[in-house]
Q: 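Next up is a structure, given as structure tokens.
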Amino acid sequence: MITQADLPDRIPVFPLPGALLLPRAKLPLHIFEPRYLAMLDDTLKTSHRLIGMIQPREDEAGTLNSIGCAGRVTGFSETEDGRYMITLSGVSRYRLRSQIEGFTPYIRADVDWSGFSRDLGPVEQDPDFGRETFLGLLERFFDVRGLSTDWESLKEAEDELMINSLSMLLPFDTGDKQALLEAPSLVDRRETLSALMEFALHSGEDGSEILQ
């Protein structure tokens, strides 16, 4: 099992609004910009193969949120024109300490993994999860937003897989996604997710497409 001592103090950082990665979840990414192709090439040469996903701040242009989540490159394929489709498997959240200037066309950062030991542990459980009530809320949210899903597979999913997958995929703004990322536990994340859906239903605002 990976421990915090095994994680590097410095990682490449990929700022992407609305793209949420959570521990033990998988995030597909399409890499095509030259600076991120360079980032991927350098990452694949390391033993850890970690890339730190992070969201830019909404209230301060040009700055990043203080907390992101690092994922290990666990799959990639190359297109004929030199682009890549990769899969990041979430490892642990981190706190951004400082950005490193120069040397590479992409951002590198010194990071702190302390405070996120839960991310490196076993799959989280939600013992008080009212699944039927939650799925009823989710169905109303999907109806209002014109979304669809494989309900049978969703109903059979484990608590963590369900909550984290929905947190990553549902069309919330970057501030809401950040709140889901920073939720200390699976229970907190489920409560935050439910509150966001309830608010969206009560506000009557139109939704946007699910992030691809």
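Start at 1 with the first residue, then count along the sequence. Hydrogens, waters and symmetry mates play no part in the numbers below; they use all other heavy atoms, side chains included.
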Q: At what distance, to the nearest 0.5 angstrom, does CZ of Phe76 lie from OG1 of Thr43?
A: 11.5 Å
Q: Test side chain to side chain contact (heavy atoms under 4.5 Å, CB included) on Leu186 and Gln125 and set out the steps.
A: CA-CA 7 Å; Leu186 184 65; Gln125 305 297 327; 5.8 Å; no
Q: Can you confirm whether the side chains of Thr174 and Gln55 place a donor and an acceptor under 3.5 Å from each other?
A: no
Q: Would you name the heavy atoms of Pro56 and Pro15 that are closest together and state the gap between them?
A: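 Reported closest heavy-atom pair: CG-CB, 4.2 Å.
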Q: Roughly how far apart are Leu138 CG and Leu147 CG, rounded to 0.5 Å?
A: 9.0 Å
Q: Are Leu193 and Ile67 connected into the same hydrophobic cluster when the rule is that any two of I, L, V, M, F, W, Y join if their side-chain heavy atoms are below 4.5 Å apart?
A: yes
Q: Would you say that Val73 contacts Leu40 through its side chain, given a criterion of any heavy-atom pair below 4.5 Å between the two side chains?
A: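 Side chain of Val73 against side chain of Leu40, heavy atoms only: contact under 4.5 Å found.
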Q: Any chance the side chains of Asn164 and Ser167 put a donor and an acceptor closer than 3.5 Å?
A: no
Q: Taking all non-hydrogen atoms of both residues into account, name the closest pair between Ala19 and Met53 and its distance.
A: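 Closest approach of Ala19 to Met53, heavy atoms only: CB-CE, 4.2 Å.
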Q: Do Leu44 and Leu88 belong to the same hydrophobic cluster, where Ile, Leu, Val, Met, Phe, Trp and Tyr are linked whenever their side-chain heavy atoms lie under 4.5 Å apart, directly or via other members?
A: yes
Q: Under a plain distance cut-off of 3.5 Å, with no hydrogens placed, do Lys26 and Thr87 share a side-chain donor-acceptor pair?
A: no
Q: What distance do Ser92 atom OG and Leu21 atom CG have between them, rounded to the nearest 0.5 Å?
A: 10.5 Å
Q: Check Arg83 with Glu78, please: is the shortest side-chain N to carboxylate O separation under 4.0 Å?
A: no
Q: Could you point out which residue of Arg190, Arg131, Arg189 forms a side-chain hydrogen bond (donor to acceptor under 3.5 Å, both in side chains) with Asp126?
A: Arg190
Q: Are Phe141 and Asp143 close enough that some pair of their side-chain heavy atoms sits under 4.5 Å apart?
A: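 Side chain of Phe141 against side chain of Asp143, heavy atoms only: no contact under 4.5 Å found.
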Q: Just wondering, more than 12 heavy atoms not from Glu158 lying within 6.0 Å of its CD?
A: no
Q: Answer whether the closest heavy-atom distance between the side chains of Met162 and Leu154 falls below 4.5 Å.
A: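 Yes, side chains in contact.
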Q: Using ring centroids (six-membered ring only for Trp), state whether Tyr36 and Phe14 fall under 6.0 Å.
A: yes
Q: Is the shortest heavy-atom distance from the side chain of Val144 to the side chain of Arg140 under 4.5 Å?
A: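 Answer no - side chains too far apart.
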Q: For Ala38 and Pro105, which heavy atoms make the closest approach, and how far apart are they?
A: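 For Ala38 and Pro105, the tightest heavy-atom pair comes out as CB-CG, 4.1 Å.
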Q: Walk me through it: do Arg108 and Phe103 pass the test side chain to side chain contact (heavy atoms under 4.5 Å, CB included)?
A: CA-CA 9 Å; Arg108 293 185 303 154; Phe103 302 110; 3.7 Å; yes
Q: Examine Leu161 and Leu170 and state if one hydrophobic cluster contains both, with Ile, Leu, Val, Met, Phe, Trp and Tyr joined whenever side-chain heavy atoms are less than 4.5 Å apart.
A: no
Q: Do the non-hydrogen side-chain atoms of Lys155 and Leu135 ever get within less than 4.5 Å of each other?
A: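 Of all side-chain heavy-atom pairs linking Leu135 with Lys155, at least one is under 4.5 Å.
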Q: What closest approach, in Å, do Trp113 and Ala70 show between heavy atoms, and which atom pair accounts for it?
A: CH2-CB, 3.5 Å
Q: Consider only side-chain heavy atoms of I, L, V, M, F, W and Y, link residues closer than 4.5 Å, and tell whether Ile31 and Leu16 are in one cluster.
A: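 In one cluster with Ile31: Leu16, yes.
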Q: Would you indicate whether the side-chain heavy atoms of Asp112 and Tyr94 approach each other to under 4.5 Å?
A: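 They are not in side-chain contact.
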Q: Checking Leu120 against Gln4 for the side chain to side chain contact (heavy atoms under 4.5 Å, CB included) test, could you report, in this order, the C-alpha distance in whole Å, the side-chain angles of both residues, the deciding distance, and whether it holds?
A: CA-CA 8 Å; Leu120 299 173; Gln4 288 187 341; 3.5 Å; yes
Q: Taking atom CG of Asp159 and atom CD of Glu124, what is their separation to the nearest 0.5 Å?
A: 10.5 Å
Q: Contact between Leu196 and Thr192 at the side-chain level, heavy atoms closer than 4.5 Å - yes or no?
A: yes
Q: Kindly determine whether Met85 and Leu29 satisfy side chain to side chain contact (heavy atoms under 4.5 Å, CB included), including the steps that lead there.
A: CA-CA 6 Å; Met85 292 296 297; Leu29 290 171; over 6 Å; no
Q: Got more than 12 heavy atoms from elsewhere within 6.0 Å of CZ, Arg97?
A: no
Q: Before we go on, tell me: are the rings of Phe134 and Phe129 under 6.0 Å apart, centre to centre?
A: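 Yes - the distance between ring centres of Phe134 and Phe129 falls below the 6.0 Å cut-off.
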Q: Where is the tightest heavy-atom contact between Arg24 and Asp119, given as atom of each residue plus distance?
A: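 Closest heavy-atom pair between Arg24 and Asp119: NH1-O, 2.7 Å.
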Q: Restricting to non-hydrogen atoms, name the atom on Asp110 and the atom on Ile100 that form the minimum distance, rounded to 0.1 Å.
A: OD1-CD1, 3.9 Å
Q: Any donor and acceptor pair, going by atom type alone, linking the side chain of Thr104 with main-chain N or O of Tyr106 inside 3.5 Å?
A: yes
Q: Would a distance-only check, ignoring hydrogens and angles, find a side-chain to backbone donor-acceptor pair under 3.5 Å from Arg93 to Leu181?
A: yes
Q: Calculate, to the nearest 0.5 Å, the distance between atoms OG and CG belonging to Ser47 and Asp6 respectively.
A: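 Answer rounded to 0.5 Å: 9.5 Å.
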Q: Say you draw a straight line from CG of Leu37 to OH of Tyr84; how long is it, rounded to the nearest 0.5 Å?
A: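 Atom-to-atom, Leu37:CG and Tyr84:OH are 7.5 Å apart.
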Q: Begin from the C-alpha positions of Asp41 and Lys45 and carry the test salt bridge (charged side-chain N to carboxylate O under 4.0 Å, His left out) through to its verdict.
A: CA-CA 7 Å; Asp41 185 54; Lys45 296 173 183 176; 3.4 Å; yes
Q: A side-chain contact here means heavy atoms from C-beta on lying under 4.5 Å apart; do Gln99 and Leu64 qualify?
A: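 Side chain of Gln99 against side chain of Leu64, heavy atoms only: contact under 4.5 Å found.
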